[in-house]
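Report on the following structure.
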Amino acid sequence: MAAVIQTLRDEVASTLTTQSAGWAYTFSAVAKFQPKFDFEDVDSLQVQVVPLTWSKAPSSRDLWEHEYVIGVGIHRRLAALDTTIFNNLLQLCEQISDYYEDNRATTSDCVLMGIEFGGATGAPYNHETIETQNTFTSVIQLTFRKYR
Amino acid sequence: MAGPVPGRECKLYYNTGTFGSPSWTLIPQVVDLDYDMPATWAAVPARISLWNFEVKALQGLVVNFGYRRRSGVSDAVFTAIDGYAIDTTKKELAVADGAIASTGTRYLRGTYQFEKGRSEPIGDAAIDNFSAHLTYEEDSGTLREPTVVVV
């Protein structure tokens, strides 16, 4: 039996893969324990899903409130600065975050409580990797909650 | 276990038996609980003294607790307590600092009538808030007053 956070990670990866058919780009999201992108691979769009944090606190005398943060990493290296592709990748980030506003993670039975871009920075994409690697990098942090 | 007790290890029970032979049923999904015993004080000054003495005239007792009901989960305890809040049922509660059958547990026993409200904050789980007010009840002609029991 898998831990809830693992089921949630796998479900997010599977759901994003399925839903991407109607989004700015179609992709196959990969569930990982650790985010890792190979240099050769990021010429095409790479989406990885990784558990980031897990915390819990008492919710009642019999229940605990578990909070899971799942990170969705989006990477693509551009041959040259192409604002059309750049804008489409930004739109993809919005489509991913919008999806979970209205859809519960049903398999793991977790409800979305918050979305952050770039963690504490709030940056929708990493400015440094554009400058140094011509790569669009965005990390969407999805915060889920489950009572068990 | 001796020592200070965190709130989540305290227990709240309701009596599904009789006053003389209680059967204490645990209320498991309690969130926060507090009780107040507000007193009414009568001033008894006298010219004999500078001091304004008071005597306790009346004593109240109200037990407030939140309940974390889970949507889609059958919960007989909630069904029962929710029912008390919409009628005039009188029910005993035991507010205990541990399992009621454990030696050393201290509990407040009283008979109450109930009222309730519900909160559904956008950033947290919904909670049903109950307020149990001490009520008048006799048992075989003997008035039931709150008691503190140490097991």
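Note that this is a predicted model, so its numbers are computed, not measured. Throughout, protein chains are lettered first and strands after them, A, B, ... in sequence-line order, and every chain is numbered starting at 1.
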Joint cluster assignment, B:Val55 & B:Phe53, ILVMFWY side-chain distance < 4.5 Å = yes
Common cluster, B:Val5/B:Val95, ILVMFWY with side-chain heavy-atom separation under 4.5 Å = no
In residues 56-79 of chain B, which residues are in contact with chain A at a heavy-atom separation under 4.5 Å?
-> B:Arg68, B:Arg70
Heavy-atom pair with the smallest gap, counting every atom of B:Gly123 and A:Met113 = O-CE, 3.4 Å
Side chain, backbone, both or neither of B:Asp32 within contact of chain A (heavy atoms, under 4.5 Å) | neither
Over 12 non-hydrogen atoms of neighbours within 6.0 angstrom of CZ in B:Arg106 | no
Which pair of non-hydrogen atoms, one from A:Glu65 and one from B:Asp124, has the smallest distance, and what is that distance?
-> OE1-OD1, 3.8 Å
Rounded to the nearest 0.5 angstrom, the OG-CD1 distance for A:Ser59 and B:Ile127 is 8.0 Å
Quick one: closest heavy-atom pair of B:Gln29 and A:Ser60, and the distance?
-> OE1-OG, 2.6 Å
Verify the cluster assignment for A:Tyr25 and A:Val72: are they in a single hydrophobic cluster under the rule of side-chain heavy atoms below 4.5 Å apart?
-> yes
Are B:Leu33 and B:Leu93 grouped together when hydrophobic residues (ILVMFWY) are joined by side-chain heavy atoms under 4.5 angstrom apart?
-> yes
Kindly work out whether a path of hydrophobic side-chain contacts (I/L/V/M/F/W/Y, heavy atoms less than 4.5 Å apart) joins A:Ile140 to A:Val111.
-> no
Check the surroundings of atom CD in B:Glu138: do more than 12 heavy atoms from other residues, nucleotides or ligands lie under 6.0 Å from it?
-> yes
What part of B:Leu26 is in contact with chain A, defined as an atom under 4.5 angstrom from a non-hydrogen atom: side chain, backbone, both or neither?
-> neither
